Undergrad: 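The structure's right below; bear with me while I get my questions together.
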Number of protein chains: 2
Amino acid sequence: MTQHTEQRPLRRDAQRNIDALLDAAKQVFGTSGVDAPAKEIADLAGVGVGTLYRHFPKRSDLVKAVFQAEVDATADAAPALAAEHDPVVALEKWLHRYTEFLATKRGLASALHSGDPTFDALPAYFIGRLGPAVGSLLDAAAAAGAIRPVASPKDLLYAVSKLSVTMSDEDPEHGRRMLDLLVDGLRYQA
Amino acid sequence: MTQHTEQRPLRRDAQRNIDALLDAAKQVFGTSGVDAPAKEIADLAGVGVGTLYRHFPKRSDLVKAVFQAEVDATADAAPALAAEHDPVVALEKWLHRYTEFLATKRGLASALHSGDPTFDALPAYFIGRLGPAVGSLLDAAAAAGAIRPVASPKDLLYAVSKLSVTMSDEDPEHGRRMLDLLVDGLRYQA
DNA sequence: AGCTAAGCGGAACGCTCTTCCAGAACTATA
DNA sequence: TATAGTTCTGGAAGAGCGTTCCGCTTAGCT
């Protein structure tokens, strides 16, 4: 999920614990919010709190790591979907995946805007990873002649996020239909 | 600042303490954020923590009360300004006052969107107090023939808030100039 | 197998939230 | 003004969480 890129590789158990903590934190952040007790996360991961603090000295480190892991997972879904489905379906499925990510992110949003400098680089990371991901899907679909060209992947990400913010307040199905509509709008008319 | 409207009037010392707590909370929220230690607020107000909890059992009660007090103060400034200045100047001054309020509110924003049901009624309170406040200033200026009629006070509040959100990131002076521009736009051309 | 250093767990400490109640302070009444 | 009755106050006490620290464990190497 996350590997350190320093000279010494991390010990196996350490890497295992980091992954377990990331999984646990993602889950706990979703249920109990970002201010959940550290022990709750450590317990769920099956490690002591000392281990948590060893790898993530500050809470913001953990939040950041969870966020990046989710961005990575979402970005990595793009090539996988592209391999399994035809271009437009892959794009559709990926955008749904992306809205799920946005829903998760909502819990982290207040933390992200808290002014902690640890989070300053995250928006750039977000665009840097997700932009190329949609970009490749869009290019593939456009190359197949299935959709019209889109000005910029970034605009699409932004538009979908706006769409899913307003949608969350009401019926979640409603948001899904709106997104489908957007994708249909991308297609060339017969 | 805030008075209880129940049958029994509040004891004098109690009312004094409530006001002191509100002042202190407003100040502390501004410097240390809404998660500041309760003791810090109590100390600044010159009361014990017990007193704080008596009047504001939940932290959200205090946040809400501070917010409402600020809304009230901002709304009450309208008639005062109207009495002292000619219509357009009063409107101008009040809008500047309003942007100051928005700046303060930013600290509370994350709390307001936290999903706590205590805060559900606040947006309505905001419009209910501030809408008529600008409304009366606009009407007075329009009646004096100084400005063109505005579709709705609510729209103006919304527009100014949008303006001041984008402005806060950069030069504060910049935002002030933009606001002045907006007010100038309201005037009838010679 | 034996050595070394990275990594682990959880006890312990300090800080904050929240409750509670004996006594102080205020108001109403005479 | 004096008194009774009530409200309100302050801070000690209990509980819970965050964070640190260090003796023990275990992976990785020879």
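Proteins get letters first, then strands, A, B, ... in listed order; numbering begins at 1 in each. Given the structure is predicted, the values throughout are model-derived calculations rather than measurements.
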Undergrad: With 3.5 Å as the limit, what N/O pairs link the protein to nucleotides 16-19 of chain D?
TA:
residue, atom, partner, partner atom, Å
dG18(D), OP1, Arg59(A), NH2, 3.3
dG18(D), OP2, Ala38(A), N, 2.8
dT19(D), OP2, Tyr53(A), OH, 2.8

Undergrad: Under the side chain to side chain contact (heavy atoms under 4.5 Å, CB included) rule, what do Phe67(A) and Phe29(A) come out as? Steps first, then yes or no, please.
TA: CA-CA 11 Å; Phe67(A) 181 87; Phe29(A) 285 170; over 6 Å; no
Undergrad: Whole angstroms only, please: what is the CG-P distance between Asp13(A) and dG7(C)?
TA: 8 Å
Undergrad: Give the minimum heavy-atom separation between Pro153(B) and Gly131(B), together with the two atoms involved.
TA: CB-O, 3.6 Å
Undergrad: Distance from Leu52(A) atom CG to Arg59(A) atom CZ, nearest 0.5 Å?
TA: 8.0 Å
Undergrad: Could you check how far CG of Leu52(A) sits from P of dT20(D), rounded to whole Å?
TA: 12 Å
Undergrad: May I have the distance from Phe56(A) (atom CZ) to dG9(C) (atom P), rounded to whole angstrom?
TA: 14 Å
Undergrad: Out of dG9(C), dC8(D), dC26(C), which nucleotide sits closest to the side chain of Arg16(B)?
TA: dC26(C)
Undergrad: For dC8(D) and Asn17(B) - does any side-chain N or O of the residue sit under 4.0 Å from the phosphate oxygens OP1/OP2?
TA: no
Undergrad: For dC8(C), take OP1 and OP2 only and decide whether either is under 4.0 Å from a side-chain N or O of His55(A).
TA: yes
Undergrad: Taking atom types as modelled, find out whether Tyr125(B) and Asp72(B) have a side-chain donor-acceptor pair closer than 3.5 angstrom.
TA: yes
Undergrad: Check the distance between dG10(D)'s P and Leu44(B)'s CG and give it to me in whole angstrom.
TA: 14 Å
Undergrad: Distance check needed: dT18(C) C1' versus Leu62(B) CG, whole Å only.
TA: 15 Å
Undergrad: Measuring from atom CG of Leu91(B) to atom CG of Leu81(B), what distance do you get when rounded to the nearest 0.5 angstrom?
TA: 10.0 Å
Undergrad: Which pairs, with at least one residue in residues 76-92 of chain A and sequence neighbours excluded, count as a side chain to side chain donor-acceptor pair (under 3.5 Å)?
TA: Asp76(A)-Arg129(A)
Undergrad: Using a distance-only criterion (donor-acceptor N/O pair, under 3.5 Å, no hydrogens), is the base of dA27(D) paired with the side chain of Arg12(A)?
TA: no
Undergrad: Given atom CD1 of Ile18(B) and atom C1' of dT7(D), what is their separation to the nearest angstrom?
TA: 12 Å
Undergrad: Quick one: which of dG10(D), dT26(D), dC26(C) gets closest to the side chain of Arg11(B)?
TA: dC26(C)
Undergrad: In whole angstrom, give the distance that lies between atom CG of Leu21(B) and atom P of dC8(D).
TA: 14 Å
Undergrad: Taking CZ from Arg54(A) and P from dC24(D), how many angstroms apart are they, rounded to a whole number?
TA: 17 Å
Undergrad: Does a nitrogen or oxygen in the side chain of Thr51(B) sit under 4.0 Å from OP1 or OP2 of dC8(D)?
TA: no
Undergrad: Under a 3.5 Å threshold, yes or no: a donor from one side chain and an acceptor from the other, between Gln15(A) and Asp19(A)?
TA: yes
